[in-house]
Amino acid sequence: MRLSAVLSVLAGFIGAAAYTHSEGYFVTFMTGNTERAVLGGFGGDYALAVGAATIILCFLMGVFVASLCRRYLWRNHPHGATVLTTIALVGASIADHILGERGIGLTPILFVAFGMGAINTSFVKNGEVSIPVSYVTGTLVKFAQGVERHLAGGGSARDWLGYAVQYGSFALGALIGGLVSLVVEGRFMLDTAVVASALVAGYTWRADPDWACDHPECAPGAKH
C-alpha cells in the first residue's frame, strides 16, 4: 500500500504537469484519449484525433518495453519501471527545451505517455499488472465494491481501504502538480517532473526488492 501510494502520487503529479502546461493532453487517461481519437474526426479536428491516437500508442509502447525489460533485465528489481519512467521524462524535458514551444507540445507529451505506460508495470503478479498506478476508474470500482462487501457483512475495511488510499494518493499528486504549476514556468515543469520521478525511483530502489516480485526465487526463504 505504501509503495503504490507513492507511485500514485507521482503519476498524479506527472499527469497534472503535462495537462496544465500543454493543450490539455492526457497522459494518464487513455479512455479520454480513445474518445478524442475516435470523435475528433467527427468535429473536423484531425490533429487532435491523430495526437490522441499517438499518445495511446506511446503509452502501449511504454507498457510493452517495461514488461520486456522486466522479463529479461530486472526480474528482481521492480524499481526499474520507475527508472524507465524517469529516463522517458528526461527525454521529454530535452525535447521540450529543444523545440522551445510556449507550452508543452505533443512531442514531449509522447515521451511522458511512454513513461506513464512503463510505471504501470511496477506491480506484477502472475505476469499481469496487479495494481494499476495511473488509471483510477478501476480503482474506484473496486473501492465501491469493497465498501459494499464491508457493509453487507461479508468483508472488512481491508477490502476497500487500499483502493481509497491509492485513489487519494493519485488525487494528492494531481493537487501537488497543480500547485507547482502555479509557481513553475511551463518550460521548467517537465524538469520538475524529472526531479520528482528520480526521487521516487531512488525510494523504490531502497525499498524491499521483493515488493513486486512474482518469481519462485523471490518466495520467502528463497536464496537470491
Side-chain angles (χ1 to χ4, degrees), residues 3-19 22 25-38 49-93 95 106-142 163 166-167 169-170 173-174 190 193-194 196-198 200-201 204-205 207 209 211-215 218:
L3 287 160
S4 66
V6 170
L7 292 178
S8 292
V9 169
L10 176 63
F13 176 83
I14 295 174
Y19 184 86
S22 68
Y25 291 118
F26 296 119
V27 294
T28 60
F29 185 43
M30 293 305 114
T31 302
N33 285 326
T34 300
E35 291 177 345
R36 283 183 167 184
V38 174
V50 172
T54 309
I55 290 173
I56 295 171
L57 178 61
C58 288
F59 182 89
L60 292 174
M61 287 300 299
V63 175
F64 178 83
V65 172
S67 298
L68 197 65
C69 290
R70 185 186 182 92
R71 181 181 299 276
Y72 294 108
L73 297 179
W74 57 59
R75 290 191 306 168
N76 300 333
H77 301 282
H79 67 276
T82 317
V83 172
L84 187 58
T85 296
T86 304
I87 294 173
L89 289 173
V90 170
S93 180
L106 178 60
T107 299
I109 290 295
L110 297 181
F111 283 92
V112 179
F114 179 95
M116 284 295 93
I119 203 173
N120 274 286
T121 67
S122 297
F123 296 92
V124 174
K125 184 177 181 180
N126 297 325
E128 294 184 354
V129 171
S130 58
I131 302 178
V133 173
S134 75
Y135 48 99
V136 297
T137 302
T139 300
L140 287 175
V141 171
K142 292 180 179 180
Y163 300 116
Q166 187 179 353
Y167 176 76
S169 299
F170 184 87
L190 287 178
V194 169
S197 185
V200 172
T204 57
W205 177 72
W211 62 274
C213 183
D214 62 344
H215 292 275
C218 295

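All residue numbers in this chain count up from 1 along the given sequence. Every heavy atom of this structure was used, including side-chain atoms; hydrogens, water molecules and symmetry mates were not.
Between the CG atom of Leu68 and the CG atom of Leu73 there is a distance of 7.5 Å, given to the nearest 0.5 Å. Once rounded to the nearest 0.5 Å, the distance linking CZ of Phe59 with CG of Leu110 reads 13.5 Å. Put simply, CD on Glu35 and CE on Met30 are 12.5 Å apart, with the number rounded to the nearest 0.5 Å. Note: Phe114 CZ to Ile87 CD1 = 9.0 Å, rounded to the nearest 0.5 Å. Note: Arg71 CZ to Thr121 OG1 = 12.0 Å, rounded to the nearest 0.5 Å. Note that the OG atom of Ser4 and the CD atom of Gln166 stand 5.0 Å from one another [nearest 0.5 Å].
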Checklist entry - Yes or no on side chain to side chain contact (heavy atoms under 4.5 Å, CB included) for Thr82 and Leu10, after CA distance, side-chain angles and deciding distance? => result CA-CA 10 Å; Thr82 317; Leu10 176 63; 4.3 Å; yes
Next on the checklist: Using the rule given for side chain to side chain contact (heavy atoms under 4.5 Å, CB included), can you reason through Thr28 versus Phe170, listing the C-alpha separation, both sets of side-chain angles and the distance that settles it, and then say yes or no?
Outcome noted: CA-CA 11 Å; Thr28 60; Phe170 184 87; 3.9 Å; yes
Checklist entry - Which is it for Ser93 and Leu89 under the side chain to side chain contact (heavy atoms under 4.5 Å, CB included) test, yes or no, and what are the steps along the way? => result CA-CA 6 Å; Ser93 180; Leu89 289 173; over 6 Å; no
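Counting heavy atoms from C-beta outward, Val50 and Thr54 have side chains that approach closer than 4.5 Å. Within the 4.5 Å cutoff, side-chain heavy atoms of Val112 are placed close to those of Leu190. Taking the side chain as every heavy atom from C-beta outward, Ile55 and Leu106 approach each other to under 4.5 Å. With a 4.5 Å cut-off on side-chain heavy atoms, Thr31 and Phe26 do not count as touching.
Here the shortest heavy-atom pairing between Ala118 and Thr85 reads CB-OG1, 3.8 Å. Heavy-atom minimum distance, Phe13 versus Ala193: CE2-CA, 3.7 Å. Counting all heavy atoms, side chain and backbone alike, Ala37 lies closest to Ala52 at N-CB, 3.8 Å. Met116 and Ile14 get closest at one heavy-atom pair: CE-CD1, 3.6 Å.
The closest donor-acceptor contact from the side chain of Asn120 to the backbone of Val63 lies at 3.5 Å or more, if one exists at all. Side-chain atoms of Ser197 do not come within 3.5 Å of backbone N or O of Val194 as any donor-acceptor pair.
Taking a 6.0 Å sphere around CZ of Phe111, one finds it holds 12 or fewer heavy atoms contributed by other residues, nucleotides or ligands.
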